[in-house]
Amino acid sequence: MSAAASHDHTKEHVCWGGGCKHTQHHRLEVIDLGVQYQEVRALEKINFATECGRSMALIGPNGAGKSTLLKSLAGLIAGDSGKILWRGKPLTRSSHEIAYLPQRGDIDWNFPITVRGLVEMGRYPNLGWWRQYSRHDADIVERALTSMELRDLQDRQISALSGGQQQRAFIARALAQEAHVLLLDEPFTGLDKPAQENLSRLFKELTAEGRLLIASHHDLQTVKGNFDDVLLIRRHQIVFGPVAEAFTPANVASAYDNPDQAIRN
Amino acid sequence: MSAAASHDHTKEHVCWGGGCKHTQHHRLEVIDLGVQYQEVRALEKINFATECGRSMALIGPNGAGKSTLLKSLAGLIAGDSGKILWRGKPLTRSSHEIAYLPQRGDIDWNFPITVRGLVEMGRYPNLGWWRQYSRHDADIVERALTSMELRDLQDRQISALSGGQQQRAFIARALAQEAHVLLLDEPFTGLDKPAQENLSRLFKELTAEGRLLIASHHDLQTVKGNFDDVLLIRRHQIVFGPVAEAFTPANVASAYDNPDQAIRN
Amino acid sequence: PLKVASLHPIVSDLARQVGGANVEVIDILKPGGDIHHFEPAPKDIAAMRGSKLLLASGKELETYLDKLRDSLGSGVKLVEVGEKIPSIPFVCHEEHDHAEHDHHHGEFDPHWWHSAENMKRAARIMSDVLSAADPANEAAYEAGAKAASKRFDELKKWAQKEVAKIDRKDRKLVTAHAAFGYFCKEFGFESMSVLGIGRNDDASSSHIAETIEEIREHGIKAIFPEDQANPKVLAEIARSTGVKIGDPLIADGTAKNAHTFETMLAHNVRAIVAALAPASAN
Amino acid sequence: MPLPTITDFLAEPIAKRALLACLMIGFANGFVSAFVVLRKSALKIGTISHSLLPGLAVAVLIAGLSQWSALVGAIFAALIVGLGSIFLSRTSRLDQDTAMGVLYTTAFAVGLQILRGLNVRQKLDEWLFGSIIGMADSDLWIAFGISAIAVITLTALQRPLIIYLFEPNIAASLGVPVRLLNYATFAVTILVLVSSLQAVGCILSVGLMVAPAATMYLLTNNARALFWGGGILGALGSMIAFFLAYPLGWSPSSTIVIVLGSFFLLAYIFSPKYGLFSKRGSVA
Amino acid sequence: MPLPTITDFLAEPIAKRALLACLMIGFANGFVSAFVVLRKSALKIGTISHSLLPGLAVAVLIAGLSQWSALVGAIFAALIVGLGSIFLSRTSRLDQDTAMGVLYTTAFAVGLQILRGLNVRQKLDEWLFGSIIGMADSDLWIAFGISAIAVITLTALQRPLIIYLFEPNIAASLGVPVRLLNYATFAVTILVLVSSLQAVGCILSVGLMVAPAATMYLLTNNARALFWGGGILGALGSMIAFFLAYPLGWSPSSTIVIVLGSFFLLAYIFSPKYGLFSKRGSVA
Ligand SMILES: Nc1ncnc2c1ncn2[C@@H]1O[C@H](COP(=O)(O)OP(=O)(O)OP(=O)(O)O)[C@@H](O)[C@H]1O
Ligand SMILES: Nc1ncnc2c1ncn2[C@@H]1O[C@H](COP(=O)(O)OP(=O)(O)OP(=O)(O)O)[C@@H](O)[C@H]1O
Ligand SMILES: [Mg+2]
Ligand SMILES: [Mg+2]
Ligand SMILES: [Zn+2]
């Protein structure tokens, strides 16, 4: 079951080959999702549905459950109630169509790999174990490196990078994957202003190509310009909807300014 | 050589016991500092001087050398030229008077330690190997926990925290150290809006108490309200001075908008 | 001369005694080496070149022999000298047999070379295999074997005379490991081992408690450590019971200063007599 | 002849000494095991306990074969391999495990070669491995001295040590004398290892130096509790093993490790917080 | 009698076989060492090579002592300790090293106890430890088969493997079959380990399984190069050792490890990028 085979509509695209411009859009549905860690209830009754071609901001205070939700969508942790449907089917862990950027990876920074090697890893889901790494793949990697301004650093070992450069390398890996769905946990972390703006621009391009993009972050000011939808959570779902409707001061206030600090634990 | 002995002026203070309100301020001077990693020149000819009671923003694009400068100030890496003087003397690695918050620590998240235990570590420079952990120390730890809104989480093992909660715990550790000088590498990373505002407020209090605070970050908008001085770097020093004078659009532009991408490597 | 290689110093010596000038013996395992491990250098293998026979002591002492077979060239014959010598079972505590104490079912003591009778048998075997490899000198080998047997007989007589100095009731040989079964059988000792059979066995506390009881009960006078082995536990038992610690005995025949049957037996007999015989007899 | 009762046996000085040795060695090893577990160096300890041969070889080369030369050689070898691998990993990009892997095997090969040259039997290590039941007075005193040094050093250094174990960089920035700690604690570990080698042998000593704190690790989030709890578990387990081994006719050293392993298993299954039956995050 | 020249010596079947064994075992071990070094499991391998005893004990208990039962028992023990420690660490908060430390020592203690009960005469592991000179035909075939399996498996799995070794979580999110890889590579490692145990013995086999890729690690940032480079270094070093050992009169197994250790040392000192003389970040 290779990724290419399931992308039966790839031909229409010029760049970022894996998106989907077609009439019947692919839906991601989350129904009544709940997640528990030992004694901590991290998420409860999360419900939303979105589809490719849209971008969604995941907003909430620290400990609201944003990372938990993204990990569930990436198939890395299992919820204890509810379900997640992608294209109508339950999500499996190794869905080739999903790219995930962790908030804090457990990286062995001394691993003998260069920036380019790291980005090339993103091609894995498309190549599988065997397929030859082609000119086409090299082009995609090249583009991901360029878009994150890593061309000059491509032969550096990954520990010989600054914090922001590392973050860019991991974003480039997620881009090179050319996934249908991009799950990005605080992607702007550590990026300088120009890189942040660059990434915002990229988000627009990605959704224009027909990808589905979900990103958590803390900068409330950039929600309006950058995203179509917003999901405000604080363990429970506060609101989900198009930014214009859902991202109201009242809703934001009810996510953050609560005299009851209970959510923070 | 205990920290208390060198703090010969602690008595004047009511809270955050280690600051210095006194006529002759303690100076931190950096003279012609240069740092090299293997083939990469990370810093060159950095020159500035500041003193306690002031806060300084360290601004520059990714790879500009901000983390490198903070590590040098914390005594964790040695420059290959120039020198760093604190109170007129060359800096030693284990200066008890300096608190350092790394951008990305190499943390064993499974270590059997609670949030409170982590913050208590901050008291070490004041306690040394032997001295009893006193009521006074407990108060300070308590205050640090409260100011980072971690009271409810204090008995959690540190891996059972969200990203932002972890960042807050590490900031609390730095605060509990009650150091003269605070070196914070991107302290706002991962914090939600209220926590960011809270931290900005705290910075003001700290400098009012007479501490010296140096923080790197990427949010250009918050430089003006929050800091006294700014150091703009991009491997070389672009400008250093009070925010009002130095943080001009022209200077910022010369740090970021350079067609020559060379600095990014 | 007939070239033979040997994996055990005592066997090498026997081959030299039996073969005389007609054989050239290559020591693969040199005195001081460890008979349990076979780690020859290429040089040793090269030195072995042209050997007709490879002599081993047998009785599963050299556990690696199975593997070695394939590697030998077609011209080399492997001979386990001890194979045809009658085996005796391992014995720890000969004269009693409680339920919880174990006799070693189907396990045989491989240290056959502690007996002069066995050495005589081995001399005959040696003469046979040498003759088979070099029929021209058959007579010389037979004579060699006879001469060797005679020497072994004399040695046995000397040893018996020495052992006679020990009171009959004191002829109890307490050693660290059970390697002296053939010796005890031949010279009329009762054998007892403190640590069990394997070198790496760690004695159980009940076994040690029993041993202490027995040493007291039988009025044993001395106990014997082994050459090149750590005498620690024995020393503590000796201290607990007040018995003597004898000179270390040579078990494997690989001691640097005593790696022929003659020197080994003489050493062991002297050590045992010195420790167990009444002071007047020495 | 019936087996003497255990009370009879306890009247023997050899038994008293063994019991005392169990207590002391169990406690010291358990105490140090906290350090080993926090440092995640269980396998390093195991490796060091296997890398004594080259030291023995050199000792024999210089001073001939005796229990003392063996002891000194062993300590020497352990220090070389241990400190050498710290040094190699600090000065190269290799992690300490890999550096140690290369170092100890190479040293071992050289040791074997020396012994071949000397024509000494290769199973020298048995000179080191006594048995807890054959401890001489001097062994007991050495064990006592080493235990005392270990407990005192690790207690005195506990505060900086825990910080250091948590994150060396943070520790350095807090003024913890990182390098000193590294070497000091390492030396203490080696001493305790060698003293327990004499009691229970090469592989089992590793069990004694890991299992107690590993058990505690499943029960607490307090790093300090690991030290004292480990010590107490170690001493308790060793004593229980001593009394169990007698009627069973087992070897005391194996029994000690089996008992400590069972403690671990119990904690692994039943720990209220981190046991198999506690509800932890249901990770897919 | 003069020493035959090496060409004379090479005419002997035993010498040809040894040379062939050096080549195959050197290559396979070197190849697998890349995995060991990237996984940072040098000491795990060492530990497993020491934990064969309980398996042997069980094998003897069931099937009596023979070379085959010993081999099967050894593989079985290695799998138990290796997979068991993976399982323990996955289902508890302990790291794999600590879990393995407890597991193998306890298993060892139990194994010793079984063997005491069986009264088997000799330390059993000798059944396993041959020498590279004196490998039986079956040993050579086994070595060949295992080498082929190892090289083919690791080459086939290389792409997902490297991703997995880099970061298991990222790998999982990329659709790499993490658990399968974990077990498959582990099984291959064990097989290679057992085959090299037969050739060079318990401790030296670890050197063979670590040193080649550790050397490469100091020379390259390309994870793929570690595999082939490791294999080539391993084969080369073993052959050089074979020819060196002859005139020196050394044992081939020790010589192999000494040669590979020297390669490592050279790279450690002279590597252009990561050597002692390269200018790396001057860390205080
Ligand atoms: N270990 C290293 N080896 C080689 N080069 C390095 C190393 N660490 C950092 N660098 C390089 O040194 C320069 C300065 O890095 P530094 O981490 O100080 O940047 P920074 O200003 O903190 O950037 P960021 O905003 O991304 O955190 C960068 O070009 C980086 O690539
Ligand atoms: N491994 C864990 N064990 C127990 N509780 C956990 C664990 N990881 C996270 N939590 C808790 O679950 C809740 C949700 O955490 P999550 O990481 O999803 O928050 P988040 O929204 O990503 O926060 P942040 O903005 O700080 O990254 C928090 O209360 C957190 O303390
Ligand atoms: Mg998060
Ligand atoms: Mg930085
Ligand atoms: Zn016996």
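Each chain gets a letter, A, B and so on, in the order its sequence line appears, and its residues count up from 1.
- Exactly one residue among L150(A), L202(A), L101(A), L182(A) makes a side chain to side chain contact (heavy atoms under 4.5 Å, CB included) with I171(A). That residue is L101(A).
- Checked against side chain to side chain contact (heavy atoms under 4.5 Å, CB included), E44(A) has the following partners two or more places apart in sequence or in another chain: R41(A), R235(A), H236(A).
- When heavy atoms are compared at a cutoff of 4.5 Å, Q167(A) does not approach chain B at all.
- Residues I98(B) and L73(B) form no side-chain contact, since every pair of their non-hydrogen atoms from C-beta on lies 4.5 Å or further apart.
- A salt bridge is defined here as a Lys NZ or Arg NE, NH1 or NH2 lying under 4.0 Å from an Asp or Glu carboxylate O, and E120(B) with R116(B) meets this definition.
- Judged purely by distance below 3.5 Å, without hydrogens or angles, the side chains of Q196(A) and H218(B) never pair a donor atom with an acceptor atom.
- No hydrogens or angles considered: nothing links the side chains of D155(B) and T114(B) as a donor-acceptor pair under 3.5 Å.
- Take S162(A) and apply the side chain to side chain contact (heavy atoms under 4.5 Å, CB included) test, not counting sequence neighbours, and it matches Q165(A), N62(B).
- Residues of residues 237-251 of chain B never come within less than 4.5 angstrom of chain A, heavy atom to heavy atom.
- At a 4.5 Å heavy-atom cutoff, Q154(A) makes no contact with chain B through either its backbone or its side chain.
- With a threshold of 4.5 angstrom between heavy atoms, L191(A) approaches chain B through its backbone and through its side chain.
- There is no contact between S67(A) and chain B, counting heavy-atom distances below 4.5 Å.
- With sequence neighbours excluded, the residues satisfying ring pair (Phe, Tyr, Trp, His ring centres under 6.0 Å) with H217(B) are F188(B), F227(B).
- Most heavy-atom pairs under 4.5 Å with chain A: of the set R151(B), K66(B), Q166(B), this distinction falls to Q166(B).
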